[in-house]
Amino acid sequence: TTQATCWQPHAAPPVARRQRPMLRCAWTWAVVLGVALLLLRHRRGRWVDRDRWVTEESLERLISDYAQISSTHLSGTAADTATSEWLRQELAAASGLEVKFQEYTLPGPPLWIPEDDGSPSSGYGCDLVAPSGQAIPCYVVHQPPRAAVALQEVPLSQILLLHDPDVYTFSAADVYRPYLRPDGTLPYAAVIVVNAPAGQSERVTEPRPFDWNQRTATPALVPVVTVSYLSSLLLTGGNVSLRLRGRWAAPAPTRNVLAIAAPPKGCGPGPSQPIYLGTPINGFFRAAGERGAGIALLLQLAQHWNERIAPRERSSRCPCWTPIFGFTSGHEQSDSGIERMVIPYLQELAADLHIPLSEIPFISIGAGLANYAHFDGLNFAGAGSGTTSIRVSSTRPKRAAGAQLVTEVLRELSKDQRLNDLVQAEPGTLSRWTAQGAILPALHAGMPALNLVSGGLRGRFHLPSDADASSVNLTSLATFTDAFAAALHCALRGAREEADPGGTLLELVASVVR
């Protein structure tokens, strides 16, 4: 059988009766061949939409602009505010988008923010001195003790040294909890976590933060900091000193940015059904590849939606869909921007439409899309080689329209042959028990979901050296952005049922001729 196609051929113009039979036959076969060529072109994975709308240059500009806003992108900081304003300006320049802020206060206890927002130039607000007297770059794990930390000449025997193979840990308390005494005390003055991915330990000198659920973290009993493997080699014999520099912020204001597309044409007077597409905007450092790649992809979709991507026609059996593009803060606080603001907003929309929240699809664009997998030299400086795959997973298919749309987007992506070496399609595998990151609030809310994230978080992920677009394979990101837009176009158009009669290509051509 033929693959599904979102391209529907227009009817050929009537042939004048006075034409000779030979000309009429030639004209008919010209139309047939033209239709066949267009169908074959689409079957090779190219969607039928005008010209090249996304380029490596456009993606590079957006990634660079995001990274240059500040040396860090922590929630609740001045850089956070500047990022949301930049996003508003980018979105306001596009036609047919209603742009608005969702302002809120980060939940949880007072938030520790390192000096100068943890920038590399400030030493990340963490001063660790090895027994040799050499300074070791370190980063505090949330939350530090409430009292100021200034340890002087502490024997290494009083320091708990742990090796963490590049995994997420919720808080400082989670790190040392297995080592607590029965009375709840800890027999150490501090904890140092060596956090570096396997196979790259010898190259990393920068600290790699790894705590994610900061909003439930309470002040720790002792300071917990993370260092690189290379730096940890200096922690032998003698005494160490540790001082933390920063502030407690309470309350910490922040905001999401939403861009709502204009209602699709031809849908009549009734309301259309929302589909949410979102990405987090926060990172420990410049996060060019970690966050900038996903932000650039979503910005391109939003900016070109009404002019290039939105389907002009749709199946009569397909609902009308209105995209909501979300750029959310609070990622380090378990994506509080999604849980506290986006999900309730979508619940209100669902109530107004008299549909359950489980009818609204949630598409999350995660970290490290099309990032280079390996870098050469100290601190991963270099052009890099190899590109991480993009894992695209979905919740289990169901009969509801929202779940069917998620399944259809993944099906369309899977057919695009340009993505054969880039995308790992994992239909029906996404659940709240196995997922991490920004998709979790949607899964807990029972929404049909599609998750786009790097298939292997390597390269400069969570490192200060992830500072510009050189972290990203721009060619692969442009290809994926175009393919993802095509998949959305086809799925939202809902033409699969009507445009695919279920026969061979010759049968499809024959149906056009008839």
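On a predicted model such as this, the values are computed, not experimentally measured, just so you know.
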Have [X] and [Y] got a donor and an acceptor in their side chains that come within less than 3.5 Å?
X      : Y      : answer
Ser394 : Arg411 : no
Arg255 : Ser84  : yes
Ser95  : Glu307 : yes
Asn473 : Thr387 : yes
Gln300 : Thr481 : no

Find the distance between [atom1] ([X]) and [atom2] ([Y]) and round it off to the nearest 0.5 Å.
X      : Y      : atom1 : atom2 : result
Leu450 : Ile439 : CG    : CD1   : 7.5 Å
Gln68  : Asp468 : CD    : CG    : 8.0 Å
Tyr345 : Ile324 : OH    : CD1   : 4.5 Å
Thr479 : Leu474 : OG1   : CG    : 10.5 Å
Phe362 : Leu430 : CZ    : CG    : 11.0 Å
Asp335 : Ser364 : CG    : OG    : 7.5 Å

The single option from Asp80, Thr72, Leu74 passing side chain to side chain contact (heavy atoms under 4.5 Å, CB included) against Asn282: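 Running side chain to side chain contact (heavy atoms under 4.5 Å, CB included) over Asp80, Thr72, Leu74 with Asn282 returns exactly one hit, Asp80.
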How about [X] and [Y]: do any of their side-chain heavy atoms sit closer than 4.5 Å?
X      : Y      : result
Leu111 : Gln333 : yes
Glu339 : His444 : no
Phe480 : Leu297 : yes
Pro464 : Tyr124 : yes
Leu419 : Leu413 : yes
Leu301 : Leu488 : yes
Tyr372 : Val472 : no
Phe484 : Leu277 : yes

Test item: [X] side-chain N/O and [Y] main-chain N/O as donor-acceptor pair under 3.5 Å:
X      : Y      : value
His462 : Arg208 : no
Asp466 : Glu290 : yes
Asn420 : Gln417 : yes
Ser122 : Gly118 : no
Ser64  : Glu60  : yes
Ser329 : Gly337 : no
Arg286 : Ala467 : no
Ser119 : Ser71  : no
Thr279 : Ile365 : yes
Glu206 : Ser465 : yes

Provide the closest heavy-atom pair for [X] versus [Y] in the form atom of the first, atom of the second, distance.
X      : Y      : answer
Pro274 : Pro361 : O-CD, 3.5 Å
Ser454 : Thr388 : OG-OG1, 3.3 Å
Ile69  : Ala82  : CG2-CB, 3.8 Å
Leu357 : Ala445 : CD2-CB, 3.8 Å
Pro344 : Ile338 : CD-O, 4.2 Å
Leu106 : Gly330 : CD2-CA, 4.0 Å

Go through the steps for Gln102 and Val342 under the test side chain to side chain contact (heavy atoms under 4.5 Å, CB included), then give the verdict. CA-CA 8 Å; Gln102 287 186 315; Val342 171; 3.7 Å; yes
For the residue pair Arg340 and Tyr104, would you count it as a cation-pi contact if the rule is NZ or CZ under 6.0 angstrom from the ring centre and within 45 degrees of the ring axis?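 Output no; distance or angle outside limits.
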Just jot down the ring-ring contact (aromatic ring centres under 6.0 Å, His included) partners of Tyr139, sequence neighbours excluded, or say none.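 Tyr139: ring-ring contact (aromatic ring centres under 6.0 Å, His included) contacts with Phe284, Phe285.
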Please list all pairs meeting salt bridge (charged side-chain N to carboxylate O under 4.0 Å, His left out) that have one or both residues in residues 388-398, counting only residues at least two apart or in different chains.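 Those involving residues 388-398 are Arg391-Glu426.
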Listed by chain and number, what are the side-chain hydrogen bond (donor to acceptor under 3.5 Å, both in side chains) partners of Thr475, not counting sequence neighbours?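 Thr475 satisfies side-chain hydrogen bond (donor to acceptor under 3.5 Å, both in side chains) with Glu56 only.
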Run the side chain to side chain contact (heavy atoms under 4.5 Å, CB included) check on Asp416 and Val423 step by step: do they pass? CA-CA 10 Å; Asp416 198 320; Val423 168; over 6 Å; no
Test salt bridge (charged side-chain N to carboxylate O under 4.0 Å, His left out) on Arg61 and Glu90; report intermediate values, then the result. CA-CA 12 Å; Arg61 180 190 69 81; Glu90 286 286 341; 3.1 Å; yes
Side chain to side chain contact (heavy atoms under 4.5 Å, CB included) for Leu87 and Ile295? Distances and angles first, verdict last. CA-CA 9 Å; Leu87 288 166; Ile295 289 172; 4.0 Å; yes
Given the rule in the side chain to side chain contact (heavy atoms under 4.5 Å, CB included) test, do Leu353 and Glu359 qualify, once you have shown the distances and angles that lead to the verdict? CA-CA 10 Å; Leu353 293 170; Glu359 283 281 3; over 6 Å; no
